[in-house]
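Here's the structure, in structure tokens; my notes come after.
What you see is a predicted model, and the numbers here were worked out from it, not measured in a lab.
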Amino acid sequence: MEFRKMTACRAAEAVNNGETTACQLIKEILERCNVLNGKLNTFIKIAGPEALEQAAAVDKQVKSGQKLPLAGVPVAVKDDLCCRDLPTSFGSPAFKNFISPYGAAAVEKLTDAGAVVIGKTNLDDMGIGSTTTSSPAGPALNPWAPDRVAGSAGAAAVAAAQCLIFLESDSGGALRQGASHCGVIGLRPTMGRVSRYGLHTFASSFGQIGITASSTDDILAALEVISGFDARDASTALYREKSAEKNAAVEPEIIKIGYPTAIIALLAPDHRNLMERAREDIEASGFQLTDFKLDLLAEALRAYYIIAFAETSSNLSRFDGIRFGMADYAENLDELYYKSRRLTFGQEASRRSIFGTFILSQGNYDRYYRQALKIWTLVRREFTAVLDQCDLLLMPAVRTLPQLVTEQIDFCRLYEEDLFCAPVSLAGLPSLCLPVGEVDQLPVGLQLVGRPFSEEMLIGAASRIIPEIKFPPNVIC
Ligand code: GLN
């Protein structure tokens, strides 16, 4: 099988038609995955026997006459999503061998639709970050330039055709920035569209589950499977799927896309040129373009970090070695906390726990946290007002190229990378990152942002804009 040319939809069709079997497909991709993992460090765990067992069950269902929408499709899952039969580390050495008693709703919906989980991917310390440089397993490397980070290990796995669909979390931009850095497509759905049951998120207000793939059809197919109300996640929306509208073809002539001229001016020249070229291509595809402004972008980024820090300190407090996490021998309670947290958290998780506790402490709560909440409301209003005038917004996804693996970047500078993604998370809007070109022979993507629950329009518009997806030339297997 030539996985680089195969979409998930085509793979499922081949399995459903009997052109191949799920077992054959999974066997071949596992071989590819193992060989490439030595070069890219994208997977923490490759699920050999477990995946083959799942594939055999899919073949049995297909043989009995069932048609499964994702029959035999190899799926990778970020390691902050629980899987019933595979370890889930959350990016912590303390959870290296932890097997969750339940699986994440989105993962189980995919496997019920015939997909096969082939492994868990690398991630930052407790899932916090967008580079994987703080991962206990070391960074995942970019298949376009292995001296650089991938941003998202799973986006690299999709680009290297180690899997056909990747399920991952995105809080302030990890999924979208990874898709941009690796030249693939990443969708962060509206908050509430996909159940987060079984996701470990450091920032509950922003953490969402999204999909990365190399074709818009695959993104749509996976979204249809994983979206919908879930009684186990009170934050899922009682949203009724509008099937007639859902599959309606997108007519570019009637779609107005906002273009942020003032924001584009903030970019480095190469990235700016790329955005301007993308604008011309989008206009040539027939879409109407109109200018828009967002005045609160910088404030939104600061508010995101204050709220995310506060939520991290609260969400991570349960990892105390008593309720959750690994306990070390200790003489007293303080020592137990101290030692257990050191076994569980790396530097970034510790930093956020400490700053978050500070932000939520008496006096600072009003000074920082309450102010950030006010800004959050203003940001939502600003996006709503802009989206009253436009159907979709075009925004950069990244400010720079992915960092060199050897580069030591100050944590505040890393936070600044989220200038374009974190505000969209704050607004709770759906966003799709699509590749639009290259800078220094590395892919760069941009975001299309839509109104709540407009994922189908985003996917439809992206399918009109995306040039043919390119795969990294150096990944030979
Ligand atoms: N870089 C952002 C943060 O560290 C977002 C990370 C993410 O989306 N997982 O908060």
* Step by step, work out the side chain to side chain contact (heavy atoms under 4.5 Å, CB included) result for L458 and L392. => CA-CA 8 Å; L458 284 177; L392 302 174; 3.6 Å; yes
* Would you please test L70 and V75 for side chain to side chain contact (heavy atoms under 4.5 Å, CB included) and show each step? => CA-CA 10 Å; L70 297 173; V75 169; 5.8 Å; no
* To do: With side chain to side chain donor-acceptor pair (under 3.5 Å) as the test, would you mind laying out the steps for T88 and D80 before giving the verdict?
  => CA-CA 7 Å; T88 303; D80 53 4; over 6 Å; no
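Between the side chains of D170 and Q177, not a single donor N or O lies within less than 3.5 Å of an accepting N or O. Residues S171 and Q208 have side chains that never bring a donor and an acceptor to within less than 3.5 angstrom of each other. Looking only at atom types and distance, the side chain of S361 has a donor-acceptor partner in the side chain of N364 under 3.5 Å away. A donor-acceptor pair shorter than 3.5 Å cannot be found between the side chains of Y338 and D328. Side chains of S169 and K78: a donor-acceptor N/O pair is present below 3.5 angstrom, by distance only. Defined by atom type and a distance below 3.5 Å, a donor-acceptor pair is present between the side-chain atoms of S235 and D233.
What you find for L426 and A303 is that their closest heavy atoms are CD2-CB, 4.2 Å. The nearest pair of heavy atoms linking A12 to L68 is CB-O, 4.4 Å.
Within a 6.0 Å sphere centred on CG of D112, heavy atoms belonging to other residues, nucleotides or ligands number more than 12. Open room surrounds CD on E53; 12 or fewer heavy atoms of other groups in view lie less than 6.0 Å from it. Around the NZ atom of K339, the shell of radius 6.0 Å holds more than 12 heavy atoms that belong to other residues, nucleotides or ligands.
A 4.5 Å side-chain heavy-atom check between I99 and P87 finds at least one atom pair inside the cut-off. Counting only heavy atoms from C-beta outward, the side chains of Q403 and E417 never approach each other to under 4.5 Å. Within the 4.5 Å cutoff, the side chain of C433 has no heavy atoms near those of the I185 side chain. Proximity of I263 to M275: side-chain heavy atoms (C-beta onward) are nowhere separated by under 4.5 Å. Looking at Y305 and D418, their side chains come closer than 4.5 Å, going by heavy atoms from C-beta outward. Using a 4.5 Å heavy-atom threshold, the side chains of F319 and S92 count as separate.
Ion pair E407/R148 not flagged as a salt bridge, since none of the NZ, NE, NH1 or NH2 atoms sits closer than 4.0 Å to an Asp/Glu carboxylate oxygen. A salt bridge does not link R232 to E108: none of the charged nitrogens lies less than 4.0 Å from a carboxylate oxygen. Taking 4.0 Å as the cut-off between side-chain N and carboxylate O, D410 and R413 do not count as a salt-bridged pair. The residues R451 and D391 are annotated as salt-bridged, a charged nitrogen and a carboxylate oxygen being separated by less than 4.0 angstrom. In this structure, R351 pairs ionically with E348, as a charged nitrogen and a carboxylate oxygen lie closer than 4.0 Å.
Between F309 and F358, the distance separating the two ring centers is not shorter than 6.0 angstrom.
Using a 30° and 60° split on the angle between ring planes, F411 and F355 fall in the tilted class, from 30° to 60°. Between Y197 and Y102, the ring planes are tilted. Angles from 30° to 60° get that label. Relative ring orientation between H200 and F90 is described as tilted, the plane-to-plane angle lying within the 30° to 60° band. Taking the six-membered ring where the residue is Trp, F98 and F95 present perpendicular rings, their angle passing 60° and hence far from 30°. Aromatic ring orientation, Y304 versus F206: tilted (interplanar angle from 30° to 60°).
The CG atom of L297 sits 10.5 Å away from the CZ atom of R302 when rounded to the nearest 0.5 Å.
Residue pairs meeting the side chain to side chain donor-acceptor pair (under 3.5 Å) criterion with at least one partner in residues 128-143, sequence neighbours excluded, are N122-S135, D124-S134, T131-T133.
Listed for the R176 side chain is no donor-acceptor partner under 3.5 Å among the backbone atoms of R188.
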Which pairs of donor and acceptor atoms, one on a side chain in residues 151-168, lie under 3.5 Å apart (sequence neighbours left out)?
from: S152; atom 1: OG; to: G154; atom 2: N; distance (Å): 3.4
from: S152; atom 1: OG; to: A155; atom 2: N; distance (Å): 3.0
from: S152; atom 1: OG; to: E168; atom 2: OE1; distance (Å): 3.2
from: S152; atom 1: OG; to: E168; atom 2: OE2; distance (Å): 3.2
from: Q162; atom 1: OE1; to: T42; atom 2: OG1; distance (Å): 2.6
from: Q162; atom 1: NE2; to: C33; atom 2: O; distance (Å): 3.2
from: Q162; atom 1: NE2; to: T42; atom 2: OG1; distance (Å): 3.3
from: E168; atom 1: OE2; to: T212; atom 2: OG1; distance (Å): 3.3

